[in-house]
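Read through the structure below, which is laid out as structure tokens, and then see the notes.
All values below come from the heavy atoms of this structure, side chains included, with hydrogens, waters and symmetry mates left out. Every chain is numbered from 1, with letters handed out A, B, ... down the list of sequences.
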Amino acid sequence: MPDTLMPSAADRLALMVNGEARAVAPGTSVTDLLAEIGLAERKVAVERNLEIVPRSQYATTILCAGDAIEIVHFIGGG
Amino acid sequence: MPDDIKMPVATDDSWEVAGRRFNSRLIVGTGRYKTLKQTGESIRASGAEIVTVAVRRVNLSDATAPMLQDFVSPKDYTYLPNTAGCHTAQEAVRTLRLAREAGGWNLVKLEVLGPPPYLYPDMAGTFEAAAALLEDGFEVMVYCADDPVAAKRLEEMGCVAIMPLGAPIGSGMGVVNPYMIRSIKQNAKVPVLVDAGIGTASEAAFAMELGCDAVLLNSAIAHAQDPVKMAVAMKHAVIAGREAFLAGRMPRDYRADASSPMSGLIR
């Protein structure tokens, strides 16, 4: 692929985040995704295709088309 | 506050679960309050040191919405993540693995629930989840049926606290099977807590009078007309019930036994 080719909308990766369809740019990491949504890393946990993503691997975990991502946090409960 | 009026109860009679020591014998849930502010105020008033929390999806459309941690800081309270809403062992284990990643600790409350309207503990699912969690290094405080055989088995598996229900979750029916709660406590070498069903202060005191190590409740405070006031009541109820248990109650008798001396009566 020529390196002058900029990613277009069609190149964006379709994935599911918390059950909602979402598209991200190729190369997006978990860190990037959290920043895009506006979430503080230390307050959430992330699961990718039913596997926990350790916080230490957020930056190096690159999202793929079709990924199912869950982002959770603590809320009030009994 | 001067030393001479400090209440000795809380510090002299602490309890331990999974190697952690606590002064308050009241554990409170953080759900069902009108606002997060009310949650924080009520929990502070309860004197609790451990709070249960649920694990849920973040709101993607409003990531700046206030979070529980902003009102009930994990620096001030030991968070006890629960598996509320989980009806299978798989869901419960998945939830608590996420909780561990979010919070970084192993102490958890396991509950695997049967169907509405009672949400009675699903013990087959509970055993399955407990085994998986213990294998994975969790310290499991387990919500369970008021069944002494099941309770003992959970303890033998390695659960760090046994938490039979007093009555169904959120029912406010109190401790409906005190005989079995008492027998579970008598047989246990780990802490036994009444979890769920408490509706008002006298019921929390009653659970403690049975010899329970602590009480876990949520709705009784959150759904009171004045949650902060009820939180204070619960704090005192648990202390009162514990003290009464330690004091040893007088025997029951169908006949009267006059308190005032019968000698020296005027004639």
After noting the C-alpha distance and the side-chain angles of Lys43(A) and Asp70(B), does the key distance pass the side-chain contact (heavy atoms from CB on, under 4.5 Å) rule?
CA-CA 10 Å; Lys43(A) 287 183 177 176; Asp70(B) 303 326; 3.0 Å; yes
Which answer fits Ala196(B), side chain, backbone, both or neither, if we ask what part of it has an atom under 4.5 Å from a heavy atom of chain A?
neither
First locate atom CD of Glu47(A), then atom CZ of Arg57(B), and finally report the distance between them rounded to the nearest 0.5 Å.
10.0 Å
Over all heavy atoms of both residues, which pair between Val53(B) and Phe74(A) is shortest? Give the atoms and the distance, please.
CG2-CD2, 3.5 Å
Which atoms of Tyr33(B) are under 4.5 Å from chain A, going by heavy atoms: the side chain, the backbone, both sets, or neither?
neither
Indicate yes or no for a side-chain donor-acceptor contact from Arg97(B) to the backbone of Glu51(A) under 3.5 Å, with no hydrogens or angles considered.
no
What residue in Ile52(A), Val17(A), Val44(A), Val53(A) has the most heavy-atom pairs under 4.5 Å with chain B?
Ile52(A)
Looking only at heavy atoms and a cut-off of under 4.5 Å, which of Thr95(B), Val55(B), Ile169(B) has the most pairs with chain A?
Val55(B)
Option in Met67(B), Lys109(B), Arg32(B) with maximal non-hydrogen atom pairs under 4.5 Å from chain A:
Met67(B)
Is Arg56(B) close to chain A through its backbone or its side chain, or both, or neither, when contacts mean heavy atoms under 4.5 Å?
both
Could you go through the side-chain contact (heavy atoms from CB on, under 4.5 Å) check for Arg94(B) and Glu70(A) one step at a time?
CA-CA 11 Å; Arg94(B) 186 181 171 201; Glu70(A) 294 285 345; 3.7 Å; yes
When every non-hydrogen atom of Glu101(B) is compared with those of Ala45(A), the smallest separation belongs to CB-CB, 3.9 Å
side-chain contact (heavy atoms from CB on, under 4.5 Å) between Leu60(B) and Glu20(A), worked out:
CA-CA 9 Å; Leu60(B) 297 178; Glu20(A) 295 175 21; 3.9 Å; yes
Considering non-hydrogen atoms only, spot the tightest contact between Gly76(A) and Ala54(B) and give its length.
O-CB, 3.9 Å
Ala63(B) and Ile37(A): which non-hydrogen atoms are nearest, and at how many Å?
CB-O, 3.2 Å
Closer than 3.5 angstrom, by distance alone: can the side chain of Asn18(A) be matched with the main-chain N or O of Asn59(B) as a donor-acceptor pair?
no
